[in-house]
Amino acid sequence: MTDARPERRPAGPAEEGEGWWRHAVIYQVYVRSFADGNGDGIGDLAGIRARLPHLASLGVDAVWLTPFYTSPMADGGYDVADYRSVDPLFGDLAQFDALVADAHGAGLRIIVDIVPNHSSDEHTWFRQALAAPPGSPERARYLFRDGRGPDGSEPPNDWESVFGGPAWTRVTEADGRPGQWYLHLFDSKQPDFDWRNPEVRAEFADILRFWLDRGVDGFRIDVAHGLFKHPDLPDTGTKRSGMLDTSARPYWDQEEVHEVYREWRRILDSYPGQRIGVAEAWLPDTARLLRYLRPDELHQAFNFAFLTADWSAAAFLEVIDSTLATFDGHDSLPSWVLSNHDVTRHVTRYGGGEAGLRRARAAAMIMLALPGSAYVYQGEELGLEEVTDLPEDLLQDPTWERSGRTDRGRDGCRVPLPWAGHEPPYAFGPSAWLPAPPTWRAHTVDAQHGDADSVLNLYRTALRLRREFRHARRLRWLDAPDNVLDYATDSGLACTANMGTEPVEVIARGELLLASRPVERHGDRVVLAPDTAVWWRQ
């Protein structure tokens, strides 16, 4: 089904002295759910330190940590009350420093989340804003506005929260009367900063330096496209279609954001060791995303088009080809990602059960052979599915309540990891803040460690081989039958994947290195079962 297409060259000017991130595999740790080091049922920094050998043996290059800062945890730590401290749930600054040192000693870099769009409503600045009158400097750090209507009882505009419901909350003033409204694109406990205020800009520049001085290797920037809102705060006139809605909105992708990232790039470049910035930006197309990756801005951005692609050779080919075409001749390289802490795990998205697991194994091989970098979300190396039947009284994602209990939110992809044993919580700790299902006993790290055919060992082998071929910069599509994805890179690695529902016979592309499922070989022909990917050395 593939046809002759131009050879893709996704980068040009930076061929000499390439940065480590261009071909890296970065592993996302959702801190609350990775490993519990102190026995309270919540993952922490001590737990991560103890499990660093797992990450080192997996073969990743860096670890991205979700927020561990002081927070009331209204949104799993993405509501930050103090950007320069560690929440006691997770440890303290000394433990963070020890984690960085241990990771560096194991050859792993550390990326931390930074949350610049909004703070917690318990942040000192917001408390000061609530205590101060309208028009005060304290309120100018956030987006406070008078309401509409004769008594100001209507929100300033029709914007909706990403989590559901209105994006505005009215405050009670110091004298007890209903007062202004403040903007929160997410939960009401996450008020948005006003990035046109120079105090905000200066504060975050200092926060970056604080963590860079402690040795972090870069930042994943939460809601990177959302810092600035259109100054007129106009109505949108339309309803959001869900959390992953990438429609153009007056609160996304405003031009001023790029000057902030130019400043941040200068800060990053002032430190040794190639520190990086990674954008989380949900945008309508890759061309808009590329504007965040100009040589004087950020280093990487997540490729969510690949994450959301349907399971078909046509869909994957279109996303891969269009991504590489957009990056053709650009200084940066694309990144590839299948899951994260905000979306349904891809085993489940691809159908769940055995079929979903087969497809997830093949998808990992397709992703890890592509030019550029790759992100692995904790647990995908174990083949974990989404947990869809968590008890309602345990759900903590604010989406659950803000949607009127119609959207169960993201807790199902955040269930603590299974490490060993036959019963929950599978050596995560003595207990776990969310329960793992009984079926996960077959998915523990310990159960998979000695099984050559396990998902874990598929990832370990793929990542070991990837290091040999990791500097691919070009991709060439090969002629292939319908429903087969077939490509070769200029590093000598080729990948063939049968994404259809029937076995397919293909021509061997060279030495068979790895298969996501057993294959039949007959001379120069190989029979691939459905949902099977293979790697060849050309």
Side-chain angles (χ1 to χ4, degrees), residues 1-10 23 303 305-307 309-328 333-338 346 350-351 355 358-374 458-459 461-463 465-466 468-538:
M1 58 84 61
T2 53
D3 53 7
R5 297 182 178 223
E7 185 179 77
R8 295 303 186 196
R9 180 179 173 78
H23 308 279
N303 184 1
F306 184 71
L307 181 151
D310 293 332
W311 179 255
S312 75
F316 269 50
L317 185 148
E318 179 58 34
V319 169
I320 293 168
D321 198 56
S322 62
T323 297
L324 295 177
T326 305
F327 276 81
D328 197 4
L333 279 167
S335 67
W336 312 95
V337 59
L338 292 168
H346 59 277
Y350 292 155
R358 290 196 307 267
R359 292 169 179 174
R361 290 171 66 105
M365 289 183 58
I366 294 170
M367 175 182 75
L368 293 171
L370 292 169
S373 64
L458 177 74
Y459 269 79
T461 303
L463 290 174
L465 288 169
R466 177 187 163 92
E468 182 179 347
F469 299 98
R470 70 188 302 169
H471 294 291
R473 304 185 66 84
R474 300 177 180 87
L475 181 150
R476 176 168 52 93
W477 294 109
L478 306 173
D479 292 335
D482 289 345
N483 302 315
V484 173
L485 196 73
D486 205 1
Y487 66 87
T489 71
D490 62 329
S491 67
L493 180 64
C495 179
T496 307
N498 178 8
M499 303 178 75
T501 58
E502 299 293 334
V504 174
E505 185 176 80
V506 299
I507 300 172
R509 300 298 185 185
E511 177 192 354
L512 180 59
L513 296 173
L514 182 64
S516 65
R517 297 177 67 193
V519 300
E520 297 178 27
R521 186 158 190 171
H522 308 286
D524 66 345
R525 300 279 174 170
V526 174
V527 178
L528 302 183
D531 307 325
T532 302
V534 295
W535 280 3
W536 317 92
R537 185 196 306 275
Q538 289 206 304

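Because only heavy atoms are used, hydrogens play no part in the values below, and waters and symmetry mates are left out as well, while side chains stay in.
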Nearest heavy-atom neighbours spanning Trp311 and Ala363: CZ3-CB, 3.8 Å

Over all atoms of both residues, closest heavy-atom pair of Asp490 and Ala472: OD1-CA, 3.4 Å

Whether His471 and His23 hold their rings parallel, tilted or perpendicular, with breakpoints at 30° and 60°: perpendicular

CG on Leu465 to CH2 on Trp535, rounded to 0.5 Å: 6.0 Å

Side-chain donor/acceptor of Ser516 to backbone N/O of Ala533, under 3.5 Å: yes

Donor-acceptor contact below 3.5 Å, side chain Ser322 vs main chain Val319: yes

Heavy-atom check, side chain of Asn303 versus side chain of Phe327, under 4.5 Å: no

Close side-chain approach of Ile320 and Leu475, heavy atoms under 4.5 Å: yes

Nearest non-hydrogen partners of Arg466 and Leu368, listed with the distance: NH1-O, 2.6 Å

Partner set under side chain to side chain contact (heavy atoms under 4.5 Å, CB included) for Ser373, not counting sequence neighbours: Gln300, Ser335, Tyr375

Contact summary for Leu512 and Arg521, nearest pair of heavy atoms: CB-NH1, 3.8 Å

Nearest heavy-atom neighbours spanning Ile366 and Tyr487: O-OH, 2.7 Å

Results of ring-ring contact (aromatic ring centres under 6.0 Å, His included) for Trp336 - residues two or more places apart only: Phe306

Closest approach of Ala515 to Leu458 (non-hydrogen atoms, all atoms of both residues): O-CD1, 4.0 Å

Where at least one partner belongs to residues 491-501, residue pairs that pass side-chain hydrogen bond (donor to acceptor under 3.5 Å, both in side chains), sequence neighbours excluded: Asp486-Thr496, Thr489-Ser491, Thr496-Trp536

Gap between atom CG of Leu493 and atom CZ of Arg470 - 0.5 Å precision: 13.0 Å

Where at least one partner belongs to residues 524-534, residue pairs that pass salt bridge (Lys or Arg N to Asp or Glu O under 4.0 Å), sequence neighbours excluded: Arg358-Asp531, Arg359-Asp531

Residue list, side chain to side chain contact (heavy atoms under 4.5 Å, CB included) with Glu511, at least two apart or on another chain: Leu513, Arg537

Side chain to side chain contact (heavy atoms under 4.5 Å, CB included) involving Gln538 - partner list, sequence neighbours excluded: Arg476, Ala488, Ala494, Arg509

Minimum side-chain heavy-atom gap Thr323-Leu370 below 4.5 Å: no

